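Computed from a predicted model, the values in this text were never measured in an experiment. All heavy atoms count here, side chains included; hydrogens, waters and symmetry mates do not.
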Amino acid sequence: MLAAAARVIAEHGWHEFTLERVAQAAGISRVTLYRKGATRELLVEALVVGAAQAWQAGLWPALTGPGNAAERLRAALRASCEVVEQHLSLLAGLSNAPDPVFHLDGGDTRNVYVAPFERLLHDGIADGSLRATLDPATTALLLFNIVPRTYIHLRDAHQWLPDRTAEALLDLLMPGVLPEHP
């Protein structure tokens, strides 16, 4: 059912995402879907949880890998582009969904996405590889909003290639967080 739901969102977008279409894509009747307790909200929630898990797994090597924090931040931003690429059709389909879709159970699911950047920013300020004047919480939120959304737009709407998109974003953003050298 989840794979069918993801296909429906990817093909039809958020506003045309219906249980009827999910049932058809899954090859089951709508009644069977209802009997299984599936709702539009539960299917989207499961897809968002899956995306969060993929995000965490994708960024984990950058958080725990070698190098200074600036190098690991660049790796994390690159990894975020790779995770978005893996889920590009689904995320492009969800791009016009209301923002609360990403806030499950009244909690701030976005913390799952922002926390790795914030951790790396704190580390970078401490080890001197990132600008000391950065506000880690604000900068992390900015990075989360800039990188995946811009990546999705450039890949989906402009058909940029994955490597070009990721490198262009990193080349633009990294100088803004690095320390200034005289």
Side-chain angles (χ1 to χ4, degrees), residues 1-30 32-63 74-118 140-170 172-173:
M1 282 190 298
L2 286 179
R7 280 194 311 276
V8 169
I9 291 172
E11 292 172 14
H12 300 284
W14 170 254
H15 293 293
E16 301 297 321
F17 173 60
T18 65
L19 290 179
E20 290 175 44
R21 284 194 166 126
V22 172
Q24 184 179 18
I28 59 176
S29 72
R30 195 175 65 185
T32 301
L33 196 63
Y34 286 116
R35 283 187 192 142
K36 292 182 183 260
T39 66
R40 186 175 191 229
E41 293 74 25
L42 285 174
L43 291 171
V44 170
E45 181 176 329
L47 291 170
V48 170
V49 167
Q53 291 169 341
W55 182 267
Q56 290 174 312
L59 271 63
W60 184 251
L63 288 168
R74 186 177 182 89
L77 293 171
R78 176 62 124 137
S80 71
C81 291
E82 291 167 3
V83 171
V84 170
E85 182 65 32
Q86 292 167 6
H87 299 91
L88 186 61
S89 296
L90 172 65
L91 294 171
L94 284 172
S95 66
N96 62 357
D99 201 41
V101 164
F102 296 98
H103 298 243
L104 305 175
D105 300 323
D108 188 4
T109 305
R110 191 174 295 178
N111 187 51
V112 168
Y113 301 102
V114 175
F117 296 140
E118 189 171 350
L141 188 59
L142 284 168
L143 290 172
F144 167 69
N145 278 282
I146 292 168
V147 174
R149 291 174 192 238
T150 304
Y151 187 92
I152 291 166
H153 177 75
L154 292 172
R155 289 282 294 120
D156 187 53
H158 297 278
Q159 303 297 306
W160 281 24
L161 295 174
D163 284 338
R164 176 184 182 206
T165 307
E167 287 307 312
L169 280 166
L170 298 181
L172 179 68
L173 294 172

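Between Tyr113 and Phe144, the ring-plane angle classifies as parallel under the 30° and 60° cut-offs.
Atom CG in Leu33 sits 8.5 Å away from atom NZ in Lys36 (nearest 0.5 Å). Taking CG of Leu170 as the reference point, atom CZ of Arg74 lies at 4.5 Å (rounded to 0.5 Å). Taking NE2 from His12 and CZ from Arg21, the interatomic distance works out to 4.5 Å, rounded to the nearest 0.5 Å. If you take OG1 on Thr32 and CE on Met1, they are separated by 10.0 Å, rounding to the nearest 0.5 Å. In this structure, NE2 on His87 lies 11.0 Å from CD1 on Ile152, to the nearest 0.5 angstrom. Between the CD atom of Glu167 and the CG atom of Leu172 there is a distance of 12.5 Å, given to the nearest 0.5 Å.
When all heavy atoms are compared, the tightest approach of Leu47 to Leu2 is CD2-O, 3.7 Å. Minimum heavy-atom separation, Leu173 to Ile146: CD1-CG2, 3.9 Å. Nearest heavy atoms, Val147 versus Cys81: CG1-SG, 3.7 Å. Heavy atoms only, all atoms of each residue included: Glu118 and Ala140 are closest at N-CB, 3.5 Å. The two residues Gly37 and Leu42 come nearest to each other via the heavy atoms O-CD1, 3.4 Å. Heavy atoms only, all atoms of each residue included: Ala5 and Val22 are closest at CA-CG2, 3.9 Å.
Contact annotation: the side chain of Gln24 never approaches that of Arg30 to less than 4.5 Å [non-hydrogen atoms, C-beta and beyond]. Pro148 has its side chain within reach of Trp55: a pair of non-hydrogen atoms, C-beta onward, lies under 4.5 Å apart. The shortest distance between side-chain heavy atoms of Ser29 and Tyr34 does not fall below 4.5 Å.
Taking 4.0 Å as the cut-off between side-chain N and carboxylate O, Glu16 and Arg40 do not count as a salt-bridged pair.
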Run the side-chain contact (heavy atoms from CB on, under 4.5 Å) test on Ser80 and Tyr151 for me, step by step, so that the C-alpha distance in whole Å, both residues' side-chain angles and the decisive distance to 0.1 Å come before the verdict. CA-CA 9 Å; Ser80 71; Tyr151 187 92; over 6 Å; no
For Leu77 and Leu169, run side-chain contact (heavy atoms from CB on, under 4.5 Å): C-alpha distance rounded to whole Å, both residues' side-chain angles, the deciding distance at 0.1 Å, then the answer. CA-CA 9 Å; Leu77 293 171; Leu169 280 166; over 6 Å; no
Kindly indicate, with the supporting measurements, whether the criterion side-chain contact (heavy atoms from CB on, under 4.5 Å) is fulfilled by Val44 and Phe17. CA-CA 10 Å; Val44 170; Phe17 173 60; 3.5 Å; yes
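Without hydrogens or angle criteria, Arg155 side chain to Thr165 main chain gives no donor-acceptor distance under 3.5 Å.
A search for ring pair (Phe, Tyr, Trp, His ring centres under 6.0 Å) contacts involving His15 returns nothing, not counting sequence neighbours. Considering only residues two or more places apart in sequence or on other chains, Ala79 meets the side-chain contact (heavy atoms from CB on, under 4.5 Å) condition with Leu59.
Between Leu90 and the options Val8, Ile9, Val48, a side chain to side chain contact (heavy atoms under 4.5 Å, CB included) holds for only Ile9.
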